[in-house]
Participant: 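Here you go, one structure.
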Amino acid sequence: GFHYLDTGAMYRALTWLAMQRGLPLADAEPLNALARENPVSFDEVGRVSIAGSDVTSAIRQSRIDRMVPVVARHAGVREVMRERQRELAGRGNAVIEGRDIGTVVLPDAEVKVYLIADTAIRASRRQAERPDIGADALATDLKTRDESDRARMQPAPDAITIDTTNLEVDDVVTRIEQM
C-alpha cells in the first residue's frame with residue numbers, strides 16, 4: 001500500500017523534456033523554469049509523466065543517462081525537485097529512493113535506510129538492468145557519479161545501513177521489514 005518515488009526518474013524526466021525542447025542543458029535559468037512549470041508525476045503503478053507525456057521508457061535511454069548529471073547539478077533544479085519530492089511524500093505512505101532523501105529532502109523521515117554494495121556488484125546489477133550499455137562504460141559511469149555525488153551519498157546519522165552486496169532483493173526487504 002506504499003507509493004514508490006524514484007527521485008532519479010524525476011531528474012531523468014526533466015532532462016528528457018529539456019532535450020525535447022532543445023534547451024541548453026548547461027544553462028540553469030531555463031532549466032529551473034522548466035522544472036517549476038512542469039512537475040513530474042507518477043501514477044499508481046509507477047509510470048512517469050512530464051508535460052503530458054508518459055516518459056517511463058524514454059528516460060531510461062543511454063542518451064538521457066549521459067545528460068542527467070548536467071541537469072541535476074543546477075542548484076535551482078535540485079530545489080524545485082526537492083519541493084516536489086516533499087509534496088509527494090506529504091501524501092503519506094511512501095518509499096522514496098534518492099541519494100539525499102534522509103539528509104536533505106526529508107530529514108525527519110520516520111524510517112531511513114541507506115543501502116550500500118560493492119562497486120563491482122553494483123555495476124553487474126546495473127548491467128543486468130541495462131544490457132544496452134557496455135560493462136566498462138557502466139562501471140566508469142558509476143565511478144564518476146559516485147565521485148560527483150559524494151557529498152550527497154552520506155547516510156543520515158539515524159539511518160540504518162544495509163550492505164546488499166551478498167543479498168537478494170527479498171533478503172533486503174525482510175531486513176527492512178524487521179526494523
Participant: So, taking the atom named OG in Ser41 and the one named CZ in Arg84, what distance separates them when rounded to the nearest 0.5 Å?
Facilitator: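 Going from OG on Ser41 over to CZ on Arg84, the span is 6.5 Å.
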Participant: Please name all residues satisfying salt bridge (charged side-chain N to carboxylate O under 4.0 Å, His left out) with Arg63, sequence neighbours left out, ordered by chain then number.
Facilitator: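 Applying salt bridge (charged side-chain N to carboxylate O under 4.0 Å, His left out) to Arg63 gives none.
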Participant: Using the side-chain contact (heavy atoms from CB on, under 4.5 Å) criterion, which residues pair with Ala89? Sequence neighbours excluded.
Facilitator: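 side-chain contact (heavy atoms from CB on, under 4.5 Å) check on Ala89 returns Ile96, Leu106.
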Participant: How long is the straight-line distance from CG of Asn166 back to CD1 of Ile121, given to the nearest 0.5 Å?
Facilitator: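 Rounded to the nearest 0.5 Å, the CD1-CG separation comes to 7.0 Å.
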Participant: What distance do Ser49 atom OG and Phe42 atom CZ have between them, rounded to the nearest 0.5 Å?
Facilitator: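 Ser49 atom OG to Phe42 atom CZ measures 9.5 Å (nearest 0.5 Å).
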Participant: Output a table of donor-acceptor pairs, distance under 3.5 Å, between side-chain atoms of residues 168-179 and any protein atom two or more places apart or on a different chain; print 'none' if there are none.
Facilitator:
unit_1	atom_1	unit_2	atom_2	d
Asp171	OD2	Glu168	N	3.1
Thr174	OG1	Asp170	O	2.9

Participant: Under 3.5 Å, is there a donor-acceptor pair between the side chain of Asp6 and the main chain of Ala9?
Facilitator: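 Yes, Asp6 side chain to Ala9 backbone: donor-acceptor pair under 3.5 Å.
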Participant: Minimum heavy-atom separation for Gly102 and Ala156, please, with both atom names.
Facilitator: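 So the minimum-distance heavy-atom pair works out to O-CB, 3.6 Å.
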Participant: Please evaluate residues Arg73 and Arg78 with respect to the criterion side-chain contact (heavy atoms from CB on, under 4.5 Å), reporting the C-alpha separation (whole Å), side-chain torsions for both, the decisive distance (0.1 Å), and the verdict.
Facilitator: CA-CA 7 Å; Arg73 75 171 175 232; Arg78 294 196 73 75; over 6 Å; no
Participant: Going from CG on Leu25 to CZ on Arg66, what distance comes out if it is rounded to the nearest 0.5 angstrom?
Facilitator: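 Spacing of CG (Leu25) from CZ (Arg66) equals 12.0 Å.
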Participant: Apply side-chain hydrogen bond (donor to acceptor under 3.5 Å, both in side chains) to residues Thr164 and Arg125 and explain how you reach the verdict.
Facilitator: CA-CA 11 Å; Thr164 68; Arg125 289 173 180 165; 2.9 Å; yes
Participant: Give the intermediate values and the outcome of side-chain contact (heavy atoms from CB on, under 4.5 Å) for residues Ile59 and Val48.
Facilitator: CA-CA 9 Å; Ile59 63 173; Val48 185; 4.2 Å; yes
Participant: Partners of Arg86 by salt bridge (charged side-chain N to carboxylate O under 4.0 Å, His left out), sequence neighbours excluded?
Facilitator: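 Here the qualifying residues are Glu79.
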Participant: Show, in sequence, the C-alpha distance, side-chain angles and deciding distance for Met10 and Leu5, and conclude whether the side-chain contact (heavy atoms from CB on, under 4.5 Å) test is met.
Facilitator: CA-CA 9 Å; Met10 297 174 75; Leu5 174 57; 3.9 Å; yes
Participant: Apply side-chain contact (heavy atoms from CB on, under 4.5 Å) to the pair Asp158 and Lys112, showing each step before the final yes or no.
Facilitator: CA-CA 7 Å; Asp158 56 341; Lys112 297 176 194 172; 2.9 Å; yes
Participant: Identify the residue among Thr15, Leu34, Val55 that makes a side chain to side chain contact (heavy atoms under 4.5 Å, CB included) with Ile50.
Facilitator: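 In the set Thr15, Leu34, Val55, the residue that makes a side chain to side chain contact (heavy atoms under 4.5 Å, CB included) with Ile50 is Val55.
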Participant: In chain order, what residues pass the side-chain contact (heavy atoms from CB on, under 4.5 Å) check against Ala35, with sequence neighbours excluded?
Facilitator: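 Here the qualifying residues are Leu14, Val80.
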Participant: Are Val113 and Leu167 co-members of a hydrophobic cluster defined by side-chain heavy atoms under 4.5 Å apart?
Facilitator: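 Yes, Leu167 and Val113 fall within the same hydrophobic cluster.
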Participant: Between Ala18 and Leu31, what is the shortest heavy-atom contact and its length?
Facilitator: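 Shortest heavy-atom separation between Ala18 and Leu31 comes out as CB-CD2, 3.5 Å.
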Participant: Would Val95 end up clustered with Leu115 when hydrophobic side chains under 4.5 Å apart are linked, directly or stepwise?
Facilitator: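 Each belongs to a different hydrophobic cluster.
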Participant: State the CE-CZ distance between Met81 and Arg36, to the nearest 0.5 angstrom.
Facilitator: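 Going from the CE atom of Met81 to the CZ atom of Arg36 covers 10.5 Å.
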Participant: Using modelled atom types and a 3.5 Å cut-off, is there a donor and acceptor pairing between side-chain atoms of Asp118 and backbone atoms of Thr165?
Facilitator: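 Not a single qualifying donor-acceptor pair exists.
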Participant: Could you measure the distance from the CZ atom of Arg47 to the OG1 atom of Thr56? Nearest 0.5 Å is fine.
Facilitator: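 So the CZ of Arg47 and the OG1 of Thr56 are separated by 4.0 Å.
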Participant: Can you give me the closest heavy-atom contact between His3 and Gly92, atom names plus distance?
Facilitator: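 Distance-wise, the nearest heavy atoms are CD2-O, 3.9 Å.
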Participant: Do Tyr11 and Val70 belong to the same hydrophobic cluster, where Ile, Leu, Val, Met, Phe, Trp and Tyr are linked whenever their side-chain heavy atoms lie under 4.5 Å apart, directly or via other members?
Facilitator: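 Same hydrophobic cluster.
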Participant: Before accepting this row, confirm whether a basic side-chain N of the pair Asp65/Arg60 lies closer than 4.0 Å to the acidic partner's carboxylate O.
Facilitator: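 Not counted as a salt bridge, because no side-chain N and carboxylate O are separated by less than 4.0 Å.
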Participant: As a test of understanding, state which of Leu88, Asp100, Ile101 forms a side chain to side chain contact (heavy atoms under 4.5 Å, CB included) with Thr7.
Facilitator: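 That would be Ile101.
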Participant: How would you list, by chain and number, every residue that makes a side-chain contact (heavy atoms from CB on, under 4.5 Å) with Pro107, sequence neighbours excluded?
Facilitator: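 In terms of side-chain contact (heavy atoms from CB on, under 4.5 Å), with neighbours along the sequence ignored, Pro107 is linked to no residue.
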